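Structure first, commentary second.
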Amino acid sequence: MEGDKYYEELGVAVRVVHMACSLCQRVQEGLVSMSSDQVKSKDDDSPVTVADWGVQATVSWILSEIFGGQNVSIVAEEDVQTLSKVDSADLLETVVNTVNECLAEAPNYGLPRPDNVLGTSQILETISRCNSTGGPTGRHWILDPVDGTLGFVRKDQYAIALALMEDGELILGVLGCPNYPMKKEWLNYHHEYYQSMSQMSPPASDSWEKGCVMYARRGTGEAWMQPLVHQQKKLEWPNSARLICVSSIDDPALATFCESVQKANSNHSFTAGVAHSAGLRKQPLRVYSMVKYAAIARGDAEIFMKFARSGYKEKIWDHAAGVVIVEEAGGVVTDAGGRPLDFSKGVYLEGLDRGIIACSGATLHEKIIGAVYASWDSSNL
């Protein structure tokens with residue numbers, strides 16, 4: 001892709017997501033439990049950790065440093081309200097230290113580091129700078145610093161997601177999946193079980209701990225996966241990247257489908273009805289975060305369905321990076337009416353018809369869309 005119009009942007013995005021994965025792993029190692037001081041609750045009761053703010057500050061600083069300070073528009077999930085409270089002083093100090101530790105290692109990833117340690121006010125400013133609402137014009141980075149924070153806290157699946165949108169069109173997507181197993185079968189089990197299993201056997205190239213970063217650029221018809229960089233090693237571009245592609249399975253009876261773990265914002269009963277109507281026979285693979293998109297892009301699953309409960313609105317940062325990667329890997333992503341997702345309307349996916357359907361190919365996609373219509377009349381969605 002060298003010489004491509006977005007070559008630099010993709011390179012920076014992949015490198016900074018690798019950095020963010022390293023930061024998250026470090027924080028996760030020190031995260032004892034949900035009652036830890038490193039976890040706070042937002043107004044919607046979803047946990048926010050040092051990792052969320054740390055990643056947002058790190059990505060914001062790098063993008064602004066490379067692509068021009070105040071001109072960089074970043075649409076991201078977190079704000080600084082909780083961090084700015086008097087009783088959050090210790091938490092804020094931890095975030096500041098975590099970000100500085102991470103940025104100090106930036107040269108290992110081929111990225112610049114600050115000349116001096118960043119102070120508290122600078123860190124707060126880099127986080128709060130990510131306050132864009134996107135829209136149909138201009139260039140916007142879309143960041144979910146830790147997608148699947150509950151999975152992160154439980155040491156299960158989570159993702160760092162970064163996408164670039166220009167004039168309303170998604171251009172590139174990068175997904176960091178630090179706990180993504182190299183073996184498909186391991187997705188069914190809790191991370192720590194296989195971590196302990198892999199420690200009992202000699203290390204292999206497909207060992208659990210590797211994790212990966214997936215990325216794609218719109219219009220190339222290619223999606224790539226790299227192993228994570230470990231133990232202070234340098235990221236050598238393109239770092240053993242290999243092409244990934246979707247599964248060729250198009251028989252619903254053989255297909256694996258993913259859905260959200262949490263029931264709070266997802267209608268599992270309607271999904272089950274659609275699955276039955278479509279002839280899906282396997283038990284759903286319930287996975288936290290955008291790792292569901294990663295599973296389809298890599299061919300580990302064929303279908304992801306999400307039907308939001310009434311009143312819940314999908315946010316663009318929960319889908320943007322995953323959509324680009326799945327589509328470039330050969331998959332199809334639309335709303336439940338078969339229309340492309342529109343990321344140009346602000347922070348929400350406005351006008352969404354019932355839900356989101358991601359499939360490994362057009363044949364399966366048509367069958368799922370048909371099953372949605374067949375199930376809709378009898379649903380209580």
Side-chain angles (χ1 to χ4, degrees), residues 159 161 163 169-170 173 175 184 187 214 216-223 225 243-260 266-287 289-308 314 316 318-344 349-379 381:
E169 296 292 326
L170 292 178
L175 270 183
K184 172 185 176 180
L187 263 176
M214 296 184 185
R217 212 271 287 159
R218 172 74 78 210
T220 60
E222 295 178 344
M225 178 173 73
L243 280 169
I244 54 173
C245 66
V246 296
S247 161
S248 59
I249 291 173
D250 58 11
D251 180 355
L254 302 176
T256 298
F257 84 94
C258 300
E259 66 177 349
S260 302
S266 185
N267 192 319
H268 283 184
S269 60
F270 182 72
T271 306
V274 173
H276 177 76
S277 180
L280 299 175
R281 293 178 185 168
K282 293 188 177 183
Q283 285 296 307
L285 193 60
R286 288 188 175 150
V287 182
S289 81
M290 260 188 274
V291 167
K292 293 180 280 287
Y293 284 110
I296 292 175
R298 206 179 77 173
D300 290 345
E302 285 74 37
I303 301 159
F304 163 41
M305 296 184 272
K306 185 176 181 193
F307 301 98
E314 298 287 352
I316 61 174
D318 286 326
H319 301 279
V323 168
V324 178
I325 293 167
V326 165
E327 289 181 342
E328 295 307 310
V332 182
V333 187
T334 68
D335 68 13
R339 298 178 305 187
L341 306 184
D342 185 353
F343 290 87
S344 72
L349 284 171
E350 302 286 0
L352 203 60
D353 186 346
R354 289 166 286 192
I356 293 172
I357 310 284
C359 289
S360 54
T363 304
L364 262 183
H365 184 260
E366 286 171 16
K367 290 175 180 174
I368 298 299
I369 295 287
V372 169
Y373 279 97
S375 304
W376 186 252
D377 291 341
S378 60
S379 83
L381 200 64

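Owing to the predicted nature of the structure, the values given are computational and were not obtained by experimental measurement.
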Do [X] and [Y] have side chains that approach each other closer than 4.5 Å (heavy atoms only, starting at C-beta)?
| X | Y | result |
| --- | --- | --- |
| Ile303 | Leu364 | yes |
| Glu222 | Arg217 | no |
| Ile368 | Cys359 | yes |
| Met214 | Tyr293 | no |
| Phe304 | Ile357 | no |
| Glu259 | Lys292 | no |
| Glu314 | Leu352 | yes |

Enter the distance from [X]:[atom1] to [Y]:[atom2] here, rounded to the nearest 0.5 Å.
| X | Y | atom1 | atom2 | result |
| --- | --- | --- | --- | --- |
| His319 | Ile316 | NE2 | CD1 | 10.5 Å |
| Ser260 | Arg286 | OG | CZ | 9.5 Å |
| Ile356 | Leu349 | CD1 | CG | 5.5 Å |

Checklist entry - Is there a donor-acceptor pair under 3.5 Å between the side chain of Lys367 and the backbone N or O of Ala278? => result no
Checklist entry - Do Ser277 side-chain atoms and Gly273 backbone N/O form a donor-acceptor pair below 3.5 Å? => result no
Checklist entry - For Phe343, what residues pass the ring-ring contact (aromatic ring centres under 6.0 Å, His included) criterion, not counting sequence neighbours? => result none
Next on the checklist: According to side chain to side chain contact (heavy atoms under 4.5 Å, CB included), who are the partners of Glu350, at least two apart in sequence or on a separate chain?
Outcome noted: Lys313, Lys345, Tyr348
Item to check | Cation-pi, Tyr373 ring and Arg354 (6.0 angstrom, 45 degrees) | outcome: yes
Would you mind writing out the side-chain donor-acceptor pairs for residues 250-257 within the sub-3.5 Å range, not counting sequence neighbours?
unit_1 : atom_1 : unit_2 : atom_2 : d
Asp251 : OD1    : Ala253 : N      : 3.0
Thr256 : OG1    : Lys282 : NZ     : 3.4

Would you be so kind as to tabulate the donor-acceptor pairs closer than 3.5 Å made by side chains of residues 321-336, with sequence neighbours excluded?
unit_1 : atom_1 : unit_2 : atom_2 : d
Glu327 : OE1    : Arg218 : NH1    : 2.7
Glu327 : OE1    : Arg218 : NH2    : 3.1
Glu328 : OE1    : Gly219 : N      : 3.3
Glu328 : OE1    : Thr220 : N      : 3.1
Glu328 : OE1    : Gly221 : N      : 2.6
Glu328 : OE2    : Gly219 : N      : 3.1
Thr334 : OG1    : His365 : NE2    : 2.8
Asp335 : OD1    : Gly337 : N      : 2.9
Asp335 : OD1    : Gly338 : N      : 3.1
Asp335 : OD1    : Arg339 : N      : 2.9
Asp335 : OD2    : Arg339 : NE     : 3.2
Asp335 : OD2    : Arg339 : NH2    : 3.3
Asp335 : OD2    : Asp353 : N      : 3.2

Item to check | Results of side chain to side chain donor-acceptor pair (under 3.5 Å) for Ser344 - residues two or more places apart only | outcome: Asp342
Checklist outcome for this item: Hits for side chain to side chain donor-acceptor pair (under 3.5 Å) against Ser247, two or more places apart or cross-chain, chain-then-number order -> Glu302
Checklist outcome for this item: Closest non-hydrogen atoms of Ala358 and Ile296, given as atom of the first, atom of the second and distance, are O-CD1, 3.7 Å
